[in-house]
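Quick notes on the structure that follows.
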Amino acid sequence: IWEKIWRAWVYVVTGKGGSTPAGSDVMVGANISEWFVKVDADTFLFPENLSRYVKARNWSYNDHHYFGHVLHHRVEDRGVPIVAGAAVFFSRATLLAAADSFQ
């Protein structure tokens, strides 16, 4: 499942690696969107709550931010907590940096 996830993020940033109809214009999502989310199919997402959350913290999509449920049990072997779960959020800057390292 990890490969499917990172390839999806690379596709969002580059527009490459997926299948699009011949002759169609692909607008690369990272150039037009500010925040990105990976959300499970059985999860409800209210975009206005995301907007309220980042505005309350004065976060910019041009800065590196990612958030979601933190899994502290992996800190010992990885050195950092992992964000995972039903929904994971990325700012544009974070997604561009992550996709660049995935390629």
Side-chain angles (χ1 to χ4, degrees):
I1 195 163
W2 168 241
E3 183 175 356
K4 182 169 77 170
I5 290 171
W6 73 257
R7 285 185 184 276
W9 288 127
V10 169
Y11 178 74
V12 168
V13 171
T14 65
K16 297 176 184 171
S19 58
T20 55
S24 68
D25 251 348
V26 176
M27 183 153 257
V28 178
N31 294 329
I32 59 174
S33 300
E34 299 171 354
W35 294 92
F36 300 84
V37 61
K38 190 268 327 158
V39 62
D40 289 352
D42 60 350
T43 302
F44 290 101
L45 174 68
F46 298 93
E48 59 273 12
N49 290 347
L50 167 64
S51 179
R52 191 176 316 120
Y53 185 83
V54 298
K55 284 179 184 174
R57 284 154 181 77
N58 201 26
W59 286 353
S60 169
Y61 57 86
N62 290 315
D63 298 325
H64 292 280
H65 299 287
Y66 70 99
F67 55 96
H69 180 73
V70 179
L71 304 176
H72 293 283
H73 71 281
R74 297 303 304 263
V75 174
E76 291 178 15
D77 64 331
R78 295 189 185 240
V80 295
I82 297 172
V83 175
V88 179
F89 300 85
F90 300 89
S91 65
R92 179 189 295 165
T94 299
L95 182 65
L96 291 173
D100 188 47
S101 68
F102 293 154
Q103 294 185 62

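Rounding to the nearest 0.5 angstrom, the gap separating the CZ atom in Arg7 from the OG1 atom in Thr14 is 11.0 Å. Atom NE2 of His64 is separated from atom CG of Leu96 by 8.5 Å, given to the nearest 0.5 angstrom. Distance CG/Leu95 to CZ/Phe36: 5.0 Å, rounded to 0.5 Å.
In this structure, the side chain of Ser91 does not engage the main chain of Asn62 through any donor-acceptor pair within 3.5 Å.
Aromatic rings of Phe89 and Trp59 (six-membered ring for Trp) have centroids beyond the 6.0 Å cut-off, not under it.
Contact check for Phe67 versus Val54: side-chain heavy atoms found under the 4.5 Å cut-off. For the pair Val37/Leu50, no side-chain contact is recorded, criterion being any heavy-atom separation below 4.5 Å from C-beta on.
Cluster membership check: Ile5 shares its hydrophobic cluster with Val70, using side-chain heavy-atom separations under 4.5 Å among Ile, Leu, Val, Met, Phe, Trp and Tyr. Each of Tyr66 and Leu45 belongs to its own hydrophobic cluster when Ile, Leu, Val, Met, Phe, Trp and Tyr are linked at side-chain heavy-atom distances under 4.5 angstrom.
Note that Arg57 lies in the cation-pi zone of Tyr53, set by a 6.0 Å cut-off to the ring centre and a 45° limit from the axis.
Between Phe90 and Trp9, the ring-plane angle classifies as perpendicular under the 30° and 60° cut-offs.
Environment of CG in Asn58: sparse, with no more than 12 heavy atoms of neighbouring residues, nucleotides or ligands closer than 6.0 Å.
Taking each heavy atom of Ala93 and Asp63 in turn, the nearest pair found is CB-O, 3.6 Å.
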